[in-house]
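Accompanying notes for the structure given below.
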Amino acid sequence: FRDCSRLTSVTIGGSVTSIGDEAFYNCSGLTSITIPESVTSIGHDAFEYCRGLTSITIPESVTSIGWNAFSGCSGIESFVVTTGNKKYHSANNCIIETETKKLIIGCKNSVIPTDGSVTSIGDVAFAYCSGLTSVIIPDSVTSIGYEAFYYCSGLTSITIPESVTSIGDGAFSGCSGLKNITYTGTIADWKNIDKGIWWNDNVSTDCIIHCADGDITISD
């Protein structure tokens with residue numbers, strides 16, 4: 001159904017066990033979909049750019065969610081994983097891989113849990129989430145993945161704890177509205193973080209990083 005822009009709703013039968021790669025890619029008119037308990041895998045880019053979707057429920061049967069499965073779904077306000085899923089769980093509109101404690105998917109209403117259940121922000125977790133305006137990353141997190149906040153154009157502020165030791169390639173690339181980063185460590189600690197290439201590409205040079213011992217600009 002890739003690029004079927006006039007598709008508005010889909011009913012998936014109970015005999016379906018997988019949703020393939022790019023199955024509903026750029027179905028911009030799709031406003032609702034029910035994923036049945038028979039489904040065990042959701043392919044990469046399966047619902048990418050389905051901007052009309054507002055909520056997603058992942059059934060307990062799903063054990064695999066592919067790369068970019070919900071990236072660019074700017075209208076999504078809530079994610080829920082059904083209780084009983086052994087691979088994933090949801091909290092505060094985030095989908096978390098339970099064993100690895102990796103936050104793999106978020107939306108504009110996500111609040112990262114502070115109970116220690118998240119230790120990393122996964123690759124492309126919030127990519128193209130244009131409605132996201134602010135983020136507080138808790139001090140349980142040690143890494144921010146590849147393109148984690150890629151082109152979150154509405155993001156204006158983020159708090160990064162000193163526990164973070166790596167920021168992936170393109171993590172904040174395209175965050176053109178980002179003006180303030182609050183970092184709980186020192187300037188020296190910030191400069192010691194392993195930062196990937198283009199991690200701050202297309203971020204305004206006016207963006208200020210507020211460290212515990214002073215302020216620096218994002219280009220420093």
Side-chain angles (χ1 to χ4, degrees), residues 48-49 67-74 76 79 91-97 100-220:
E48 188 172 10
Y49 299 122
W67 171 272
N68 270 341
F70 296 97
S71 289
C73 295
S74 55
I76 290 182
F79 280 111
N92 304 338
N93 297 311
C94 303
I95 297 180
I96 302 159
E97 197 172 60
T100 64
K101 297 186 177 182
K102 180 185 292 184
L103 192 161
I104 63 165
I105 302 172
C107 67
K108 60 185 177 182
N109 289 338
S110 294
V111 176
I112 302 173
T114 59
D115 59 359
S117 62
V118 174
T119 57
S120 64
I121 309 299
D123 297 343
V124 300
F126 291 91
Y128 296 107
C129 192
S130 58
L132 188 69
T133 58
S134 65
V135 175
I136 298 175
I137 298 177
D139 57 14
S140 57
V141 171
T142 60
S143 65
I144 298 171
Y146 168 84
E147 294 186 355
F149 295 93
Y150 189 74
Y151 275 84
C152 288
S153 56
L155 186 65
T156 59
S157 64
I158 187 165
T159 297
I160 298 175
E162 61 180 315
S163 56
V164 169
T165 59
S166 66
I167 297 175
D169 296 351
F172 296 97
S173 180
C175 293
S176 55
L178 187 59
K179 298 297 183 185
N180 292 283
I181 297 174
T182 299
Y183 176 65
T184 61
T186 64
I187 293 173
D189 292 335
W190 173 261
K191 291 185 176 181
N192 283 331
I193 293 175
D194 181 17
K195 303 179 185 73
I197 57 173
W198 304 310
W199 76 273
N200 60 349
D201 191 40
N202 291 321
V203 175
S204 172
T205 54
D206 294 335
C207 180
I208 301 298
I209 301 167
H210 306 281
C211 301
D213 56 348
D215 296 347
I216 58 175
T217 67
I218 200 162
S219 56
D220 286 340

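Keep in mind the model is a prediction, meaning the values are calculated, not measured.
The line from SG of C207 to NZ of K179 is 8.0 Å long, rounded to the nearest 0.5 Å. For the atom pair CD1 of I158 and CD1 of I181, the computed distance is 7.0 Å after rounding to the nearest 0.5 Å. Put simply, SG on C129 and CD1 on I76 are 9.0 Å apart, with the number rounded to the nearest 0.5 Å. Going from atom NZ of K191 over to atom OH of Y183 covers 12.5 Å, rounded to the nearest 0.5 Å. Atom NZ of residue K102 and atom OG of residue S143 lie 7.5 Å apart, to the nearest 0.5 angstrom. One finds the SG atom of C73 at 9.0 Å from the CD1 atom of I105 (value rounded to the nearest 0.5 Å).
Checked against side-chain hydrogen bond (donor to acceptor under 3.5 Å, both in side chains), T186 has the following partners two or more places apart in sequence or in another chain: D189. Under the ring-ring contact (aromatic ring centres under 6.0 Å, His included) criterion, Y151 pairs with no residue, sequence neighbours left out. By the ring-ring contact (aromatic ring centres under 6.0 Å, His included) test, Y49 pairs with Y25, Y128, sequence neighbours left out. In terms of the side-chain hydrogen bond (donor to acceptor under 3.5 Å, both in side chains) criterion, residue partners of S71 (sequence neighbours excluded) are, by chain and number, N68. Under the ring-ring contact (aromatic ring centres under 6.0 Å, His included) criterion, F126 pairs with F149, sequence neighbours left out. Evaluation of the side-chain contact (heavy atoms from CB on, under 4.5 Å) rule for W198 yields D201 as partners, not counting sequence neighbours.
Screening residues 161-170 for side-chain hydrogen bond (donor to acceptor under 3.5 Å, both in side chains), with sequence neighbours left out, gives no hits.
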Give the C-alpha distance, both sets of side-chain angles, the deciding distance and a yes or no for side chain to side chain contact (heavy atoms under 4.5 Å, CB included) between I144 and W199.
CA-CA 10 Å; I144 298 171; W199 76 273; over 6 Å; no
Steps toward side chain to side chain contact (heavy atoms under 4.5 Å, CB included) verdict (C94, F79)
CA-CA 6 Å; C94 303; F79 280 111; over 6 Å; no
Just do the side chain to side chain contact (heavy atoms under 4.5 Å, CB included) check on E48 and W67 with the steps written out, would you?
CA-CA 10 Å; E48 188 172 10; W67 171 272; over 6 Å; no
Without placing hydrogens or testing angles, list every side-chain donor-acceptor pair under 3.5 Å for residues 211-220, not counting sequence neighbours.
residue: D213; atom: OD1; partner: I187; partner atom: N; Å: 2.9
residue: D215; atom: OD1; partner: H210; partner atom: ND1; Å: 3.1
residue: D215; atom: OD2; partner: H210; partner atom: ND1; Å: 3.3
residue: T217; atom: OG1; partner: S219; partner atom: OG; Å: 3.2
residue: T217; atom: OG1; partner: D220; partner atom: OD1; Å: 3.1
residue: T217; atom: OG1; partner: D220; partner atom: OD2; Å: 3.2
residue: D220; atom: OD2; partner: T217; partner atom: N; Å: 2.8

Would you list the atom pairs, donor with acceptor, under 3.5 Å between side chains in residues 132-142 and any protein atom, with sequence neighbours excluded?
residue: S140; atom: OG; partner: V118; partner atom: O; Å: 2.6
residue: T142; atom: OG1; partner: T119; partner atom: O; Å: 3.4

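The two residues S157 and L155 have their closest heavy-atom pair at O-CD1, 3.5 Å.
Annotation: side chain of T156 is not in contact with side chain of C175 (no heavy-atom distance under 4.5 Å). Inter-residue side-chain proximity for N202 and S176 is flagged as unmet; no heavy-atom pair is nearer than 4.5 Å.
More than 12 heavy atoms of other shown residues, nucleotides or ligands fall within 6.0 angstrom of atom NZ in K195.
Panel note: side chain N92, backbone V111; a donor-acceptor pair is recorded below 3.5 Å.
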